Amino acid sequence: MTADNEVGIKEAFQRAQRGHNNKAKLVIGLRSRYNNLEDKTLFHEEFVHYLKYAMIVYKREPTVENVIEFVARFATSFQSPPKTEEEEEEEEEEDDDDAAQDDHPFLSFIFNFLLESHKANSHAVRFRTCQLINKLLGSMAENAQIDDDLFDRIHQAMLVRVTDKFPNVRIQAALAMTRLQQPKDPDCPTINAYLLILENDSNAEVRRAVLSCIAMCPWTLPKVLKRTRDIKENVRKLAYQVLADKVHIKALTIEQRVNLLQQGLRDTSVAVREVVCSRLLPSWLHRLDNNVIELLHRLDVENCDKIALDALKAIFKGASSEELLENRVQLDNRKLIPVDSLTSENVLYWRALCEFFKAIGDEGDEMLEQVLPDAATYAAYLYGYLKTVPELSEEQRSDINQVELVITKRFISQQLIHLIGCLDTNEEGGRKRLLAVLQEMLTLPQTPFSLISLLTEKLLTLVPDDHRRIQTVAEIISDVRAPIMEASQPVDKNESRRQQIQLAEVKVRILEAKQTLEDCVTAQEFSRAAELKDTIAELENHRNQIIQEIAEWNQPAEKEVRTEKSDPETLQRCLTICAQLLKEMNIKTRINPTISALMSSLILPSIANAHPEVRNVAVLCLGTCALHSKELAKTHMVLLLQIAQLDEVKIRISALLAIIDLLLLFSFQLLSETAATQTAPPSQSPDRQEDDAPLAEVKRDVSEDTAQSILVMLSEFLDSEVSELRTAAAEGLAKLMYNGRISSTKMFSRLVLLWYNPVTEDDTRLRHCLGVFFQLYARESRVHQEVIEESFLPTVRTVMNAPVTSPLAEVDINNVVELFVELTRPSALIKPSTNTESAYVHDYLAVRMCGEMLKDLTAPEVRLYTKTLSNLELSADDTIRKDLHTLLQQLVQVYTNIQFHMSACMGLVITLFIVFTQEHNEKLASGFASVLLNNKINFTDPQREIQVICSKLYSFIQCLVDGENVPEPVVVRPSRRAKTAALEKTKLDLSTLINQEANVS
């Protein structure tokens, strides 16, 4: 440095490489030298000369990064300081030519140099060019301006570089265009390029770079939202971070908010879930003034209560217990929300808070007591609210406001019923009161049907014993289907007339007796008068008795009678209660007389009901009930099979699921016993004991026809156009195969083809189910891997021979083969075999592929098999080695007599030799390398040269097979000092290059 603090260009570049140097002082010193020069041209040329040394280095060396940072600082240091608002207003009044003069000559020179270099052949130069442009633009002030022509040139150059074949170049080009975006312009080329990259770029880091710098606007938001479903974890994580930092919750629709939470909180990656909990939800809350109720309102909790509950639990986990108690919903002195203050949001928050406290444990129980009353108080509160839920009349159903009000009240009722699970029911009185309320609500006809299943579930949790549950539910079903009603008897008109005549006669006799009494008194016949007085008293008593009888007779008598109801709504209610009971019962609880009575009087008659809703619930009850009795399952299996083939789609799916459950529990042995039951005398009933031993495969002597018919039915369902039925069948087959109930290579091949079929691309549940099944099935046991191996060739042939019109013609066969290789990999087993000498499944797979190649070496799948062979894990089994040795000899002999494509030949030979001697990897590597080095291929006659290499490699392998000694390569372990020296050599120092060039010149 000179006396004037000037720094030379070479010295500045040398010192800039060291990170500890103060780059600000270097910039000031070099600027001082620049300003003192009259002719800037030599400075420009020398500066670019030294800059080129850094631009030819592609690796992210610290020295080079420091130099690039220094160049960006120095170039932007000539920029004018930020202008005030008054200066900007004055500048707007000037001509455009004058405004363009703010660009400093050195800055313009650097930009021109970089723009001329962006098309260089060297990818390192292109990378450093884009990186430096990015740093230059990023180092400028926020209100900096550049010439319009320069802006357009930079724009066009970076638009070209974002399509570069090197990902790092594309990343820097995308970052460089950050400040060139125009979010208000729907046709902005930069944003359009960003959107194209987000959709189509195969490199995850490039997509991440675009996500980090893309401007948020109405047409970019959907693309950013789509990246939350990206295949790469880091891209999804960054997408959520960008949405949390740049997007207001009000800018999203309800559907978008719900989808973000649903995907984020249930993402397979822990890091993504953590970002949603720690960044996205707090950001939304902050923009809503930390009002959780307002956040719930923005999510429409009535239609997505499960997602809202997950979000609330995530919020609760990040808050302390004191904060949760302070921010609790407004409860009255009874620890209840006043009925007139209940809303969908605050009742869901109340439920989530109580469930969160209950899940904590003992500490949560103390906090739970502060936000929830005792069981008796809550029972009265629940009963009072459920009674207020109105029923819609025909006129009210056309009023949207009335419909919304009823939907809200029913949602609130559901949440209040869910809160029963958080109550302390250890106190007998409170539990009985709560049980009585639930029983009464189930029997009331005005209770909404949507609450029946939930009410029954909570009632059964209060009754732990299955027999008491059955008895309680049977009484409720009896009250619902045959309620007690008061019936009045009609009045008998003849009897009433007879009583009126009798009363008239008594009255006449009384009048006559009174007249006679007066005559006796006048005649002073007092003894006679006394007798008449007694007679009159008796007649009056008789008259009063008759009057009372007439009054009672005229009043119609009311009697309590049970009238059975058979309307669809009543039947559906009863069946729903029964289905919930059977679902909650222990699987070991046998069918008792009460359940048998319900079967004969309710379930079986409803199977033939005209209404599909009733039939569907009845099928569910029948299937669940059959799980508790093998005898019942054998009796009604044929009925379920008929329903699965003939009824409506929803009912067919219910019957299919019931059949799958029965086969999973009782195995296909149930079918043979069913056939025996149909042909044997009634006295020869089979044993009812459950068969728990898994059946490895469907044996031919076990009702082969019936079992085969079921498999054919399931196979036909896989081809159904109804996606729900197809998914149910695939899921059922997967369960049967995983649990060892069936073992079929054809079925496994069908499931693989169904998984890859483009027709099922939109069936998320099917794809997810089969994807999980393949992994679990293959890892479970060696037997399963053998089934997969046997289905390999049929699956490959089906895909390879698929006609052009078939959807399978679009399937990537390489991906299919890779799946089979991974599923049959020995290391993938949960419990790998400890015997290293035993043959692997990959051994047999290799033999099959070699056998297929021997059939026709010119077939298109030969290239596929040769590539696959190199990815196999082979064992040291002697038998397999001999078989592969024989196949290898045959392949080499066939090869020497047939001419075919050179690359296929080389792939075949190389992969066969590598996989053939898996246990001799080190020897094979050394020998193979020496053969290739000593026999360079002459491409003028490649066929002959390859044959020479093949023969030498074959001789080398033959030595290994015969047990001959093969010289091993000498491996010298480097010393620690040598390692340190080698590591130092990897550190780049541009000073050496600069000094060498200076000495030469």
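The structure displayed is predicted, hence computed values, not measured ones.
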So which atom in Leu372 and which in Trp350 form the shortest heavy-atom distance, rounded to 0.1 Å? CD1-CZ2, 3.7 Å
Any heavy-atom pair between the side chains of Glu731 and Phe773 that's under 4.5 Å? no
In this structure, CG of Leu382 is separated from OG of Ser413 (nearest 0.5 Å) by 8.0 Å
How close do Ser344 and Glu302 get, heavy atom to heavy atom, and via which atoms? OG-OE2, 2.7 Å
With side-chain contact (heavy atoms from CB on, under 4.5 Å) as the criterion, how do Leu581 and Thr456 come out once you've worked through the C-alpha distance, each side chain's angles and the decisive distance to 0.1 Å? CA-CA 8 Å; Leu581 167 67; Thr456 307; 5.5 Å; no
Keeping the roles fixed (side chain from Thr408, backbone from Glu404), state whether a donor-acceptor pair exists under 3.5 Å. yes
Closest contact, heavy atoms only, Cys422 versus Lys358: CA-CD, 3.7 Å
Interatomic spacing from NZ in Lys387 to CG in Leu444 - rounded to 0.5 Å: 5.0 Å
Would you say Leu386 and Leu451 make side-chain contact, with heavy atoms under 4.5 Å? yes
Would Asp763 and Ser723 count as having a side-chain donor-acceptor pair, cut-off 3.5 Å? no
How far apart are the C-alpha atoms of Ile710 and Leu663, what are their side-chain angles, what is the distance that settles it, and do they pass the side-chain contact (heavy atoms from CB on, under 4.5 Å) test? CA-CA 10 Å; Ile710 292 180; Leu663 294 178; 4.2 Å; yes
Is it the case that the side chain of Lys335 and the backbone of Glu369 share a donor-acceptor pair, with hydrogens and angles ignored and the cut-off at 3.5 Å? yes
Side chain proximity check, Val473 to Leu460, heavy atoms < 4.5 angstrom: yes
Mind running side-chain contact (heavy atoms from CB on, under 4.5 Å) on Leu331 and Leu336 for me, showing each step along the way? CA-CA 5 Å; Leu331 305 177; Leu336 296 169; 5.8 Å; no
Give a yes or no on whether the backbone of Leu416 and the side-chain of Tyr378 come within a donor-acceptor separation of less than 3.5 Å. yes
Have Asn586 and Thr589 got a donor and an acceptor in their side chains that come within less than 3.5 Å? no
Closest non-hydrogen atom pair between Pro373 and Leu423, with its separation: O-CD2, 3.7 Å
From Leu438 CG over to Thr443 OG1, what is the distance, rounded to the nearest 0.5 angstrom? 10.5 Å
Closest non-hydrogen atoms of Met713 and Leu656, given as atom of the first, atom of the second and distance, are CE-CD1, 4.2 Å
Would you mind reporting whether Leu733 and Leu718 have side-chain heavy atoms less than 4.5 Å apart? yes
Keeping the roles fixed (side chain from Arg351, backbone from Leu309), state whether a donor-acceptor pair exists under 3.5 Å. no
Over all atoms of both residues, closest heavy-atom pair of Arg481 and Thr570: CA-CG2, 3.9 Å
Beyond-backbone contact of Leu602 with Leu571, side-chain heavy atoms, under 4.5 angstrom: yes
Just how far is it from atom CD of Glu355 to atom CG of Leu368, taken to the nearest 0.5 Å? 10.5 Å
Does this structure show an ion pair linking Arg431 with Glu427, if we count only N-O contacts that are shorter than 4.0 Å? no
Contact between Leu435 and Val463 at the side-chain level, heavy atoms closer than 4.5 Å - yes or no? yes
Ring-ring centroid check Tyr349 Phe316, cutoff 6.0 Å: yes
Got a donor-acceptor contact below 3.5 angstrom from the Ser596 side chain to the Asn592 backbone? yes
If you round to the nearest 0.5 Å, how far is CG of Leu405 from CD1 of Ile400? 11.5 Å
Hey, is the main chain of Met441 close enough, under 3.5 Å, to the side chain of Thr447 for a donor-acceptor pair? yes
Is Glu721 atom CD crowded by more than 12 heavy atoms from other residues, nucleotides or ligands, each under 6.0 Å away? no
Distance-only check: which donor-acceptor pairs under 3.5 Å involve side-chain atoms of residues 609-623, not counting sequence neighbours?
{"residue": "Asn609", "atom": "OD1", "partner": "His611", "partner atom": "N", "Å": "2.9"}
{"residue": "Asn609", "atom": "OD1", "partner": "His611", "partner atom": "ND1", "Å": "3.2"}
{"residue": "Arg615", "atom": "NE", "partner": "Asp647", "partner atom": "OD2", "Å": "3.2"}
{"residue": "Arg615", "atom": "NH1", "partner": "Asn609", "partner atom": "O", "Å": "3.0"}
{"residue": "Arg615", "atom": "NH1", "partner": "Ala610", "partner atom": "O", "Å": "3.2"}
{"residue": "Arg615", "atom": "NH2", "partner": "Asp647", "partner atom": "OD1", "Å": "2.9"}
{"residue": "Asn616", "atom": "OD1", "partner": "Ser654", "partner atom": "OG", "Å": "2.6"}

Are any side-chain N or O atoms of Thr576 and backbone N or O atoms of Gln572, one a donor and one an acceptor, separated by less than 3.5 Å? yes
Arg469 side chain vs Glu584 backbone, donor-acceptor pair below 3.5 Å: yes
What distance separates Asn259 CG from Ile307 CD1, expressed to the nearest 0.5 Å? 8.5 Å
Can you tell me if Arg590 uses its side chain to pair, donor with acceptor, with the backbone of His628 under 3.5 Å? yes
Is Arg765 atom CZ crowded by more than 12 heavy atoms from other residues, nucleotides or ligands, each under 6.0 Å away? no
So, the side chain of Asp374 versus the backbone of Ala376: is there a donor-acceptor pair under 3.5 Å, distance only? yes
So do the side chains of Lys565 and Arg573 get within less than 4.5 Å of each other, counting heavy atoms only? no
Decide yes or no on side-chain contact (heavy atoms from CB on, under 4.5 Å) for Tyr381 and Val437, but give the supporting numbers first. CA-CA 10 Å; Tyr381 175 75; Val437 168; over 6 Å; no
Tell me if the CD atom of Gln645 is crowded by more than 12 foreign heavy atoms within 6.0 Å. yes
Parallel, tilted or perpendicular, judged at 30° and 60°: which one describes the rings of Tyr738 and His784? tilted
If we only count heavy atoms from C-beta on, is the Val722 to Phe717 side-chain gap below 4.5 Å? no
Do other residues, nucleotides or ligands put more than 12 heavy atoms under 6.0 Å from the NZ atom of Lys409? yes
